[in-house]
Amino acid sequence: MASMLLAGGYRSFAGPAARALGITREVLNKHRNKHAAIWLCRSSYNSSTALAAETETSRIVAGNTTVASSSSNRHSYRSQESTFPKYDRLLPCPSQKATPRIEHLVVSKGGLVLEYICEALDLPPLFVADLIRFGAVYYALVCPQPPPTATEEEIRIFRRVTDPLVLRKRDSVKGKTLREAQKTFRVTNGDQFVEEGTYLRVHVHPKRFPRCYEIDWRSRIIAVEESYVVLDKPAGISVGGTTDNIEESCATFATRALGLTTPLMTTHQIDNCTEGCVVLAKTKEFCSIFHGKIRDKKVRKLYLALTASPLPTGIITHYMRPIRMAPRLISEDFIKGWHHCQLEVIDCRKVPWPTTNIQDKYCVEDCGWPSQDYAYECTINLLTGKTHQIRAQFAACKAPLIGDSMYMPAAIAEMTNPGLNPFGKYNKDFSSECERETAVINWIAQYGKEPSVAIGLQAYQISWDDGEHSYKAGSPWWRCATA
């Protein structure tokens, strides 16, 4: 396979692999010529903004000028060269995490999406093709509303490209409301044409899941039926992918392990850090049927949880704040509009705290729990299925899950300083709304980051149709013998 070195030291392959990714020789040649010019003359302003509760390097780009969300530091592109790593390919998967980087672009001249991104962001074609294959590139016909942190220049660009007089000249948005035109879609082909004024969002550093490449996926298959597959999901991997990575997921790797020609589809979710039973659909029909069974509460889910403190058997009830952002805050008292959360602790037994070797093997984080002699294994019947429900409810009961670096720090803080939780047992009346909001912000600050791999939680058993279909996962990680 012939290879050539692009300007800036990037290596590109103009052979079958490039053609398989939808990259034509013309695109490679155009990138080579344009990259040399842009490398020297394009100016750029660096910035950091929040998107979906993540810290990320984020910029709005129009033409060959990048406008930052912060004007505190302004550098030429050459001075930023050391800020970002050299880009080659997304695979093999890096062993270390890259700083999140998301780029927001407004297309100034129509053309192929892959070619435009290469030019605007000075990225090699094969790297951009990988991003598209990972599902890390999105487009909208019209630029969405900038966030409150947007600069005057970003707002100016937004107003210019969304001016009614400008939009009337675009046939692609005729007959659509502004909201419809601002809806984002995933780019699936590098040869897709993007017209002037199109919005692009490029997740240059997608969230990675290196454990995908460590798993014997065939051994994790519990059952293969005509219309579905049951997988014993490993911890540390997404079920169906993330916003910026649909490649490194359980659905993708299980599909390949079984040699299926049609990708498996997700029917329900469990957290990345949770292991255990997951049902993947072979057909859209079964996907719809299973969703209906979940909606009608015909699916029973049993979990095993490894907790730092014991819990009594019985039903536990809380109310969860209806904001789709971690951490999930819950209240012991009813609050109008908050989601009803209920689970049943069927059994709770004392077990040894996992050894250091076991914790290291599964990258279980030491979250500072004061006593680590014994843990408690609880069997749970999940009666309502809210995101992070078991983790949040157990932490609120002072029995956080082992390794849960998000919820255990808050549980420890509440035990150290009773009354810190404004929705807890010792919640108080606030003299003003401002005082209440301050208390909530302070409480959220007590939570930690999302676990990197495993926590003490397994989706142990899943069944439906009154047990006619029932499947169990293997032994949870904390029962495994020391390697």
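This is a predicted model, so every value here is computed, not measured. Computed over heavy atoms, backbone and side chain alike; hydrogens, waters and symmetry mates excluded. Index from 1, following the sequence.
- If you take CG on Leu302 and CG on Leu343, they are separated by 12.0 Å, rounding to the nearest 0.5 Å.
- Ring-plane geometry between Tyr87 and His205 is classed as tilted, the angle between the planes lying from 30 to 60 degrees on a 0 to 90 degree scale.
- Ionic pairing of Arg220 and Glu214 is not present here: no N-O contact between side-chain nitrogen and carboxylate oxygen is shorter than 4.0 angstrom.
- For the side-chain hydrogen bond (donor to acceptor under 3.5 Å, both in side chains) test, residues two or more places apart in sequence or in another chain that qualify with Thr317 are Gln342.
- A distance of 4.5 Å separates SG in Cys397 from CD1 in Ile316, rounded to the nearest 0.5 Å.
- Under a 3.5 Å cut-off, the side chain of Gln458 and the backbone N or O of Gly474 do form a donor-acceptor pair.
- Within the model, atoms CG of Leu329 and NE2 of His318 stand 12.0 Å from one another, a figure rounded to the nearest 0.5 Å.
- Proximity of a side-chain donor or acceptor of Ser288 to a complementary backbone N or O of Lys284 within less than 3.5 Å is not detected.
- Residues passing the side-chain hydrogen bond (donor to acceptor under 3.5 Å, both in side chains) test with Arg321: none are found, sequence neighbours excluded.
- For residues 383-406, every residue pair satisfying the ring-ring contact (aromatic ring centres under 6.0 Å, His included) rule, not counting sequence neighbours, is listed here: His388-Tyr407.
- Annotation: Asp466, atom CG; neighbour count of heavy atoms from other residues, nucleotides and ligands within 6.0 Å does not exceed 12.
- Residues that satisfy the side-chain hydrogen bond (donor to acceptor under 3.5 Å, both in side chains) test with Gln389, not counting sequence neighbours, are Thr384, Gln393.
- In Lys472, the NZ atom is not crowded: 12 or fewer heavy atoms of neighbouring residues, nucleotides or ligands sit closer than 6.0 Å.
- Checked by atom type and distance alone, the side chain of Tyr138 pairs as donor or acceptor with a backbone atom of Thr243 at under 3.5 Å.
- For the pair Pro327 and Ile444, the minimum side-chain heavy-atom distance is below 4.5 Å.
- Considering every non-hydrogen atom in both Glu414 and Asn421, the closest pair reads OE1-N, 2.9 Å.
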(message) Does Arg256 form a salt bridge (charged side-chain N to carboxylate O under 4.0 Å, His left out) with Glu247? I'd like the steps, not just the answer.
(response) CA-CA 11 Å; Arg256 291 174 184 164; Glu247 166 69 17; 2.7 Å; yes
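- With Trp464 as reference, His469 is the one residue of His469, His291, His268 to meet the ring-ring contact (aromatic ring centres under 6.0 Å, His included) rule.
- Residue pairs that meet the side chain to side chain donor-acceptor pair (under 3.5 Å) test with at least one member in residues 294-308, sequence neighbours left out, do not exist here.
- A donor-acceptor pair under 3.5 Å links the side-chain atoms of Ser405 to the main chain of Lys449, judged by distance alone.
- No close placement of the Trp338 and Phe334 rings is indicated, their centers lying 6.0 Å or farther apart.
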(message) What verdict does the side chain to side chain contact (heavy atoms under 4.5 Å, CB included) test give for Ile237 and Ile215, after you've listed the backbone C-alpha separation in whole Å, the side-chain angles of each residue and the deciding distance to 0.1 Å?
(response) CA-CA 10 Å; Ile237 304 172; Ile215 301 298; 4.1 Å; yes
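- Counting only heavy atoms from C-beta outward, the side chains of Glu285 and Ser227 never approach each other to under 4.5 Å.
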Could you list the donor-acceptor pairs under 3.5 angstrom formed by side chains in residues 270-277, with sequence neighbours left out?
unit_1, atom_1, unit_2, atom_2, d
Asp271, OD2, Arg391, NH1, 2.9
Glu275, OE2, Trp477, N, 3.0

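- In the displayed structure, Tyr374 atom OH is contacted under 6.0 Å by at most 12 heavy atoms of other residues, nucleotides or ligands.
- For the residue pair Thr242 and Asp244, a side-chain donor N or O sits within less than 3.5 Å of a side-chain acceptor on the partner.
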(request) Please lay out, stage by stage, how Trp443 and Leu420 fare under the test side chain to side chain contact (heavy atoms under 4.5 Å, CB included). (result) CA-CA 7 Å; Trp443 174 235; Leu420 187 62; 4.0 Å; yes
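- Side-chain contact between Pro409 and Pro400 is absent, with no heavy atoms from C-beta onward closer than 4.5 Å.
- Using a 4.5 Å cut-off on side-chain heavy atoms (C-beta onward), Pro263 and Thr252 make no contact.
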(message) The test is side chain to side chain contact (heavy atoms under 4.5 Å, CB included); show your working for Trp369 and Ser309 and say whether it passes.
(response) CA-CA 10 Å; Trp369 191 258; Ser309 298; 3.2 Å; yes
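- For the side chain to side chain contact (heavy atoms under 4.5 Å, CB included) with Lys282, the lone residue among Leu264, Leu258, Thr262 that qualifies is Leu264.
- Residues Cys143 and Tyr199 share a closest heavy-atom pair of CA-CB, 3.6 Å.
- Nearest heavy atoms, Val204 versus Leu131: O-CD2, 3.7 Å.
- Shown here for Gly403 and Val364, the closest heavy-atom pair between the two residues is CA-CG1, 3.7 Å.
- Rounding to the nearest 0.5 Å places CD1 of Ile455 at 5.0 Å from CG of Leu401.
- For the side chain to side chain contact (heavy atoms under 4.5 Å, CB included) with Tyr362, the qualifying choice from Pro476, Cys480, Pro354 is Cys480, the only one to do so.
- Side chain to side chain, Gln461 and Ser470 meet the donor-acceptor criterion of an N or O pair below 3.5 Å.
- Counting only heavy atoms from C-beta outward, the side chains of Leu114 and Pro125 approach each other to under 4.5 Å.
- Note: His340 and Tyr319 meet the aromatic proximity criterion, with ring centroids under 6.0 Å apart.
- Enclosure of atom OH in Tyr228 by more than 12 non-hydrogen atoms of other residues, nucleotides or ligands within 6.0 angstrom is indicated.
- For the pair Trp217/Ile221, no side-chain contact is recorded, criterion being any heavy-atom separation below 4.5 Å from C-beta on.
- Minimum interatomic distance between Thr188 and Gln192 (heavy atoms only, all atoms of both residues): N-OE1, 4.2 Å.
- Atom CZ of Arg324 is separated from atom OG1 of Thr387 by 7.5 Å, given to the nearest 0.5 angstrom.
- The two residues Met265 and Cys287 come nearest to each other via the heavy atoms CB-SG, 4.4 Å.
- Electrostatic pairing of Lys207 and Glu450 does not count as a salt bridge here, judged by no charged N lying under 4.0 Å from a carboxylate O.
- Atom NZ of Lys233 sits about 12.5 Å away from atom CD1 of Ile222, to the nearest 0.5 Å.
- Geometrically, Arg211 does not engage Phe209 in a cation-pi contact, judged by NZ or CZ lying under 6.0 Å from the ring centre and within 45° of the ring axis.
- Using a 4.5 Å heavy-atom threshold, the side chains of Val239 and Leu280 count as touching.
- Formation of a donor-acceptor pair under 3.5 Å by the Asn245 side chain with backbone atoms of Glu248 is found in this model.
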(request) Please report the C-alpha distance between Val279 and Phe286 in whole Å, then the side-chain angles of each, then the deciding distance to 0.1 Å, and finally whether the side chain to side chain contact (heavy atoms under 4.5 Å, CB included) criterion is met. (result) CA-CA 10 Å; Val279 178; Phe286 180 81; 3.8 Å; yes
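- Between the side chain of Arg208 and the backbone N or O of Leu90, at least one donor-acceptor pair lies under 3.5 Å.
- No donor-acceptor distance shorter than 3.5 angstrom exists from the side chain of Thr267 to the backbone of Ala281, with no hydrogens or angles considered.
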